[in-house]
Every structure is written in C-alpha cells, then in structure tokens.
Protein chains: 2
Amino acid sequence: MKTPKISEAVVRRLPVYLRFLSELKANNVLTVSSQDLGLKLDLNPAQIRKDLAHFGEFGRKGIGYDVSYLIEKIRSILKIDRVINVALVGAGNLGRALSNYNAYLKDNMKIVAIFDAHSGKVGEVINNLSVQSMEELNATVNQRSIRIGIITVPASEAQVVADRFVDAGIEAILNFAPVIIKVPQGIRIHHADFTTDLLSLAYYIDDAEEQV
Amino acid sequence: MKTPKISEAVVRRLPVYLRFLSELKANNVLTVSSQDLGLKLDLNPAQIRKDLAHFGEFGRKGIGYDVSYLIEKIRSILKIDRVINVALVGAGNLGRALSNYNAYLKDNMKIVAIFDAHSGKVGEVINNLSVQSMEELNATVNQRSIRIGIITVPASEAQVVADRFVDAGIEAILNFAPVIIKVPQGIRIHHADFTTDLLSLAYYIDDAEEQV
DNA sequence: TAGATTGTTAATCGATTAACAATC
DNA sequence: TAGATTGTTAATCGATTAACAATC
C-alpha cells in the first residue's frame with residue numbers, strides 16, 4: 001500500500017485531530033462528524049474529510065467517524081501506534097520544560113535521553129533522566145532505538161548537534177534554536193522557533209499610535 | 001499607504017529574513033542578494049524578492065539589498081521598530097524558559113510581566129520579574145501598554161487565560177497550550193504547540209521495521 | 001560595456017472549498 | 001422514508017516559481 005504523496009499541511013493537521021479525538025474519547029463520545037470537528041478546530045469540514053480520505057475510508061455515510069477507530073487509524077498513520085523514542089540535546093530551561101511533556105505524550109512518544117555538551121550539566125537529573133555527555137549520544141541512540149531528536153541548544157551550536165544526530169542515525173529532528181539547520185536528504189527537519197512566531201505576531205497589532 | 005493583503009506565509013518569513021540579516025550585519029556584511037539569502041535560508045530567491053516587493057522597492061538592481069537598510073525596513077513593517085511589550089501567563093517550566101529569551105529579543109520585544117493563577121507562584125522572581133496574580137493582569141497590561149500575550153498554562157486553563165487577555169485589551173496571543181483557543185475577530189492568535197510538531201514528525205520516519 | 005540582480009508579470013503548482021451522488 | 005454525512009470530483013483560490021525587461 002503506497003500513499004502517493006501527502007502534503008505537509010495534511011500531516012500537520014493529523015496530530016490536531018488526534019488530540020481532539022482523544023478528548024472526545026475521554027468524554028465517552030462515540031461518534032463525531034467532520035462538521036463537529038471543523039467547528040471545534042476552526043477547519044473546513046471538507047478539508048477534514050479530504051485529509052482523512054487520503055489514508056482510507058474511515059467514516060460512515062450518514063453517521064460520521066467512530067472516535068476510537070479514527071484514533072487508532074491516525075496513530076497508525078503517524079506511526080505512533082508503538083511508542084517512539086526521542087532524544088533531546090540541550091539541558092537548559094527549554095530542554096527541561098520540554099522533557100516535562102512525557103506525561104502528555106504518553107503512548108505516542110517518549111523522551112528517553114537528554115544530552116548536553118557542558119560537563120557541568122552532565123549527571124544532573126531532569127525528569128528521572130540523568131543528563132549524558134555528547135560522547136554517549138551515538139551509542140545511546142542506537143541502544144535505545146531513538147528515531148527523533150530535539151535540539152534545544154543556542155543557535156551557534158545547533159548545526160553541530162544536528163550533525164551529531166544525523167551521524168547517530170536519527171531520522172527526524174525538531175529544532176528549537178533560532179537558526180536554519182541543514183541536514184542531508186532523507187532526514188526530516190522541522191523548525192519550531194518561537195521567536196519567529198512572536199515577531200511575526202507584531203505585524204498584526206494595530207499601529208494607530210504611529211499617526212502623530 | 002495601504003498594504004493590500006499580505007499572506008500569513010509572507011509575514012512569517014519576515015522574522016527569518018530579519019534574523020539572518022542581523023547576523024550578516026554583525027559580520028559587517030554590507031550587501032546581500034536574494035540568491036545568497038535563498039541559499040542560506042532554503043528559500044527560492046524569487047520568493048524572497050516577491051515577499052519584500054510587497055512592501056516597497058528595497059533593493060538595487062545589479063547590486064542586491066543593503067543589509068542595514070533592509071533590517072530597518074523589516075523592523076518597521078513588523079512594527080518592532082519600537083520595543084513591543086509582552087505579557088506571559090503561566091510561570092511553569094515553559095514560561096520560565098521563554099522569559100529567558102528577552103536578551104535575544106532585545107530592541108524588538110520585551111516580556112515585561114509574568115502572571116500565574118496559583119498563589120504559590122505569585123511573588124516568585126523569574127528573570128528579574130516578580131510573578132503577579134491574575135487579578136493584576138488587566139491593570140498591568142494597560143499601565144505597561146502590553147500588546148501581545150503569551151500563554152504557557154495547561155490546556156485546560158488556556159481558554160480562560162485567553163479571555164482574560166482579550167478583556168485586558170491585548171491584540172495578539174501566542175498560545176503554547178495544546179488546545180485550539182477561540183478569540184473574537186480582530187484579535188490575532190497563533191498556536192505554537194510543540195507536541196503537534198513532534199507527533200507530525202513521526203510520519204516521516206522509516207517504517208521498514210513494520211514488515212514482519 | 002558586460003555581468004549581476006532586482007521588481008514584476010506570466011506560468012505553474014498545490015491546497016482549500018463547494019457541491020453532490022452515494023448511502024447509512 | 002427522510003435526514004445526515006461521507007468520499008470525491010470539480011471549481012476556486014492562493015502561493016510558489018520561472019522568466020525577463022529594466023537598470024545598477
């Protein structure tokens with residue numbers, strides 16, 4: 001079974017669906033329509049149906065989608081039907097904050113190792129994980145079958161860390177450093193730079209004050 | 001002067017340009033072409049030229065863009081040619097981490113107030129700011145002319161916090177909680193949910209292992 | 001002058017939305 | 001049966017890329 005070419009926009013919406021469906025399930029809701037989903041998630045219902053239809057026929061005409069079934073399908077599509085192990089480099093404030101999300105990610109992903117280049121950080125315990133030195137990265141990634149890496153180091157060190165991740169055989173990287181990182185073809189990289197988000201927001205504020 | 005209708009995609013690239021231009025300036029580079037920019041930022045040069053041309057003629061044919069001049073122009077477009085004050089609600093790990101970016105944001109934005117609904121947090125000092133109670137939010141937002149709000153509370157409290165921000169007169173919100181928040185027309189909201197980013201990355205890992 | 005590079009128009013590409021037959 | 005809702009095709013909309021005249 002080959003999925004011909006799913007756009008990144010579609011893939012990015014799947015976790016949003018998943019999250020809301022999980023909430024519905026927790027509230028014992030059995031079925032949901034694209035209409036409901038669209039209302040709650042601020043998305044067009046046709047878009048939701050189309051997104052899901054890329055991967056199969058998950059709904060029932062006249063009824064909607066079975067919540068539990070759709071959850072399982074999306075988890076399978078995202079390949080998080082088994083827990084995926086994640087490593088994090090950069091044991092600063094941000095790294096510490098993100099490692100706290102393990103509880104939230106439960107069943108889907110797990111941050112299982114934290115590394116830091118500064119010897120002062122090594123050995124420190126964060127969220128039950130002992131910070132490891134960069135020398136241990138390669139071996140740990142392989143031993144623990146870590147597939148995804150998170151970068152929370154300063155911009156100046158981010159590229160080096162990415163290179164280390166790639167060397168170690170990691171397949172996808174989430175970079176929080178405010179810098180564009182280059183990786184070889186075949187490695188997936190997403191940039192999650194909050195300073196970019198924040199500065200772009202300023203564009204939308206009212207500049208009436210500028211009139212003198 | 002009316003800018004007819006700039007797409008969000010364009011606005012989101014402006015801070016990326018700004019960041020790299022600042023780096024060039026720090027290295028005493030005077031001029032840069034869309035070609036150079038595109039290479040470094042993994043963007044099409046034509047797209048960069050078009051993005052900038054939305055706002056005016058900033059370049060010189062045969063030469064490129066004057067780095068300092070373009071920086072000033074972009075800062076002006078983003079309305080960060082004067083420091084914009086920002087408030088943050090949620091003095092947890094993530095809030096603490098983000099408040100550390102003040103140094104990085106310097107000249108453009110400044111987190112000037114931190115709030116938390118839990119009395120245990122109130123009074124705690126984070127990054128030279130004393131955490132305030134939610135009761136003080138409205139007055140502080142007005143006194144300090146805070147225009148943008150950041151939400152770093154759990155998902156269950158995020159909507160309430162957004163409502164408080166809106167009441168206080170904030171114009172744009174950056175929400176880190178993993179939930180879709182609703183705001184009235186005219187208020188800008190961006191969702192910066194790292195769990196969505198992380199889960200979507202899993203789609204791109206190699207699932208060869210699934211073959212039994 | 002020759003080479004480089006912009007600003008902009010036209011062409012392409014892709015994503016979103018509307019509409020509706022199929023069907024629960 | 002009547003109402004609801006999917007999956008999907010067609011229409012629309014918008015964003016990216018190519019191409020090139022203008023010009024430094």
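The sequence lines fix the lettering, A, B, ..., with proteins before strands; numbering per chain opens at 1. Only a predicted model underlies this, so the values are computations on that prediction, with no experimental measurement involved.
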* Is any side-chain heavy atom of Ile74(A) closer than 4.5 Å to a side-chain heavy atom of Leu52(A)? -> yes
* Quick one: is Tyr65(B) getting a side-chain N or O under 4.0 Å of the dG7(C) phosphate, OP1 or OP2? -> yes
* What's the spacing between Ile6(B) CD1 and Phe55(B) CZ if we round to 0.5 Å? -> 4.0 Å
* Does atom NZ of Lys121(A) have more than 12 heavy-atom neighbours, drawn from other residues, nucleotides or ligands, at distances under 6.0 Å? -> yes
* Structure fact -> If pairing means Watson-Crick or G-U wobble with both distances under 3.5 Å, then the partner of dA22(C) is dT5(D)
* Check against side-chain hydrogen bond (donor to acceptor under 3.5 Å, both in side chains), Asp197(B) and His190(A) -> CA-CA 8 Å; Asp197(B) 282 327; His190(A) 283 187; 4.7 Å; no
* Proximal nucleotide (of dG7(D), dT16(D), dT6(C)) relative to the Ala9(B) side chain -> dT16(D)
* Using a cut-off of strictly less than 4.0 Å, decide whether Ser34(A) has a side-chain nitrogen or oxygen near OP1 or OP2 of dT6(D). => yes
* Asked: Taking the side chain of Ser33(A) as heavy atoms from C-beta outward, which of dT5(D), dG7(D), dT16(D) is closest to it?
  -> dT5(D)
* Asked: Quick one: is Arg60(A) getting a side-chain N or O under 4.0 Å of the dC24(C) phosphate, OP1 or OP2?
  -> no
* Asked: Reckon Gln47(A) touches a base, only the sugar-phosphate, or nothing at all at heavy-atom distances under 4.0 Å?
  -> base
* Structure fact -> Re dA15(D): Watson-Crick or G-U wobble partner, both distances kept under 3.5 Å, found to be dT12(C)
* Just compare dG7(C), dA18(C), dG7(D) and give me whichever is closest to any side-chain atom of Ala53(A). => dG7(D)
* Structure fact -> Looking only at dT16(C), dT6(D), dT17(D), the nucleotide nearest the Lys61(A) side chain is dT6(D)
* **5' precedence on DNA chain C between Glu8(A) and Val32(B) (nearest-nucleotide basis)** => Val32(B)
* To do: Could you tell me whether the phosphate oxygens of dG14(D), OP1 or OP2, come under 4.0 Å of any side-chain nitrogen or oxygen in Ser7(B)?
  => no
* To do: May I ask you to evaluate whether Arg13(A) reaches the phosphate of dT16(C), defined as a side-chain N or O under 4.0 Å from OP1 or OP2?
  => yes
* Asked: Taking the side chain from Lys110(A) and the backbone from Asn102(A), do they hold a donor-acceptor pair closer than 3.5 Å?
  -> no
* Structure fact -> Quick note, Lys50(A) side chain, CB onward, closest among dT8(C), dC24(C), dT8(D) is dT8(D)
